[in-house]
Amino acid sequence: MSAAEDSLDLVGISSFIGFAPQHIFYLVENPNNFYTTIRIPKNSNPLSFRNLDIPYSELKGVQRAINRKILQKYPLSECAYSYVSGKSIYHAAKEFCGGKAVLKLDIKDFFPSITGQRVVGLYKSLGFNDNVAYILSQLSLRNNCIAQGAPTSPTISNLIMRRFDRQMKKLATSWEMKYLRYSDDVFFYKDKNFNHPKLAQLATLIIEHNGFAVNIAKTRFHPRGVPRLTLGLLTHGDKPRIPGPARKEYRAAFHRASRDFEWAYANEARLKGILEWYKSVHGKDDAFNQYRAIHKNISSLKIHTSYRSQ
């Protein structure tokens with residue numbers, strides 16, 4: 001491919017996503033320099049944290065444009081529940097309620113396993129030539145894998161997993177059961193117990209055939225009717241519930257926030273995560289309304305003097 005053709009490719013894709021070619025070239029040269037790492041509360045357990053690689057604004061804007069103008073135009077598997085509009089951890093967990101038996105497998109190092117080679121292959125499968133696929137992949141990677149925190153990474157992971165999801169769904173159907181995936185968590189479930197060691201063996205073969213590995217320590221089988229925790233929620237009843245110990249910790253956190261302003265202000269993001277997580281599962285009940293009132297005071301920096309620690 002000639003230099004002139006390279007330039008046309010760069011100019012063409014830059015124009016399509018709405019940025020100057022110089023800006024895109026600058027980012028493609030060394031995308032690793034445009035990230036920072038932060039810690040945020042986990043959705044399924046706001047008292048625990050995960051590290052996210054967050055792109056700087058000059059790269060984040062480009063990634064959002066790629067997501068909006070390219071990646072989100074393509075359909076995802078109906079079995080994917082993570083990073084999908086209208087679906088959530090709660091919707092996935094609800095599938096397991098009502099007395100179902102559940103087998104869970106965990107894909108080891110999921111995002112790091114989605115490497116530059118896979119991402120280039122995805123963009124080529126969407127119809128882009130080699131040069132443009134390389135440019136788009138560079139704009140989507142950190143350290144040659146998708147970054148947990150980049151706007152493009154969730155959609156890229158789900159698009160890359162479409163064939164995997166089809167294969168897993170076919171396996172589930174042959175066993176007269178259902179399948180869903182929440183990011184790196186793979187689930188099979190049905191209304192009665194089943195030969196889970198054999199199914200886990202077959203599913204592992206599919207996972208490995210697709211270039212991933214199973215985190216064996218996290219493989220779990222939950223028989224019907226036995227108390228269990230899946231995706232951070234109790235799912236052996238009629239609807240998902242936050243486990244008692246976590247709810248106790250939430251009460252303690254908001255009680256402290258109501259009495260210790262400095263601690264509350266320092267942990268505002270953590271408390272907000274708890275508040276949103278609680279609402280997504282239990283709705284706007286009395287506990288939520290109490291937590292929201294405390295959080296509102298924190299946000300407005302107007303906690304009453306009597307709430308402050310002595």
Side-chain angles (χ1 to χ4, degrees), residues 42-45 71-72 74-111 113-114 148 153-216 218-243 277 280-281:
K42 293 182 179 180
N43 286 336
S44 59
N45 184 0
L71 299 173
Q72 291 181 347
Y74 297 89
L76 303 176
S77 166
E78 63 182 13
C79 302
Y81 275 70
S82 55
Y83 324 124
V84 178
S85 177
K87 293 182 179 179
S88 66
I89 287 180
Y90 179 85
H91 292 104
K94 191 176 180 180
E95 288 286 311
F96 310 138
C97 292
K100 295 182 177 65
V102 181
L103 171 66
K104 176 213 167 190
L105 296 92
D106 179 88
I107 299 175
K108 186 177 181 180
D109 299 327
F110 181 51
F111 272 34
S113 297
I114 301 179
Q148 192 163 350
S153 296
T155 313
I156 285 174
S157 69
N158 276 337
L159 287 171
I160 283 177
M161 296 298 282
R162 287 182 298 179
R163 184 179 69 171
F164 174 91
D165 288 334
R166 287 196 299 270
Q167 293 171 348
M168 287 297 200
K169 182 180 179 181
K170 183 177 180 180
L171 174 62
T173 301
S174 70
W175 280 60
E176 298 181 339
M177 61 174 56
K178 293 184 178 180
Y179 156 80
L180 70 79
R181 179 179 56 81
Y182 193 92
S183 188
D184 55 355
D185 290 331
V186 171
F187 295 93
F188 296 89
Y189 55 104
K190 67 184 304 182
D191 291 328
K192 60 182 180 180
N193 294 331
F194 51 89
N195 185 356
H196 57 279
K198 179 62 175 178
L199 180 58
Q201 182 181 23
L202 295 173
T204 296
L205 291 175
I206 294 174
I207 291 171
E208 293 175 346
H209 179 74
N210 281 272
F212 296 100
V214 176
N215 189 338
I216 298 175
K218 291 187 177 181
T219 298
R220 296 285 186 275
F221 176 68
H222 304 285
R224 296 185 73 245
V226 176
R228 51 140 181 271
L229 197 66
T230 42
L231 293 170
L233 294 170
L234 298 172
T235 59
H236 52 278
D238 294 332
K239 61 182 180 180
R241 293 179 293 118
I242 295 173
W277 171 240
S280 71
V281 178

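Each residue takes its place number in the sequence, starting with 1.
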Participant: Starting from the C-alpha separation in whole Å, work towards a yes-or-no answer on side-chain contact (heavy atoms from CB on, under 4.5 Å) for Asp106 and Thr219.
Facilitator: CA-CA 6 Å; Asp106 179 88; Thr219 298; over 6 Å; no
Participant: Does Lys178, at its NZ atom, have more than 12 non-hydrogen atoms belonging to other residues, nucleotides or ligands within less than 6.0 Å?
Facilitator: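 Incorrect, the count does not exceed 12.
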Participant: Would you say Asp238 has more than 12 foreign heavy atoms packed within less than 6.0 Å of its CG?
Facilitator: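 Not more than 12 within 6.0 Å, no.
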Participant: Below 6.0 angstrom between ring centroids: does that apply to Tyr189 and Tyr179?
Facilitator: no
Participant: Can you establish whether the number of heavy atoms outside Gln72 located under 6.0 Å from its atom CD is more than 12?
Facilitator: yes
Participant: Under 30°, 30 to 60°, or over 60°: which ring-plane class applies to Phe221 and Phe194, parallel, tilted or perpendicular?
Facilitator: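 Phe221 vs Phe194 ring planes: perpendicular.
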Participant: Side chains of Ser77 and Arg166: is there a donor and an acceptor less than 3.5 Å apart?
Facilitator: no
Participant: Are there over 12 heavy-atom neighbours, none belonging to Leu202, within less than 6.0 Å of that residue's CG?
Facilitator: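 Result for CG/Leu202: enclosed.
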Participant: Any donor and acceptor pair, going by atom type alone, linking the side chain of Arg224 with main-chain N or O of Ala101 inside 3.5 Å?
Facilitator: no
Participant: Has Lys87 got more than 12 heavy atoms of other residues, nucleotides or ligands less than 6.0 Å from its NZ?
Facilitator: yes
Participant: Evaluate the ring planes of Tyr182 and Tyr83, with Trp represented by its six-membered ring, and classify them as parallel (under 30°), tilted (30 to 60°) or perpendicular (over 60°).
Facilitator: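 If you compare the ring of Tyr182 with that of Tyr83, the planes turn out tilted.
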Participant: With under 30° as parallel and over 60° as perpendicular, where do the rings of Phe187 and Phe96 fit, or are they tilted in between?
Facilitator: tilted
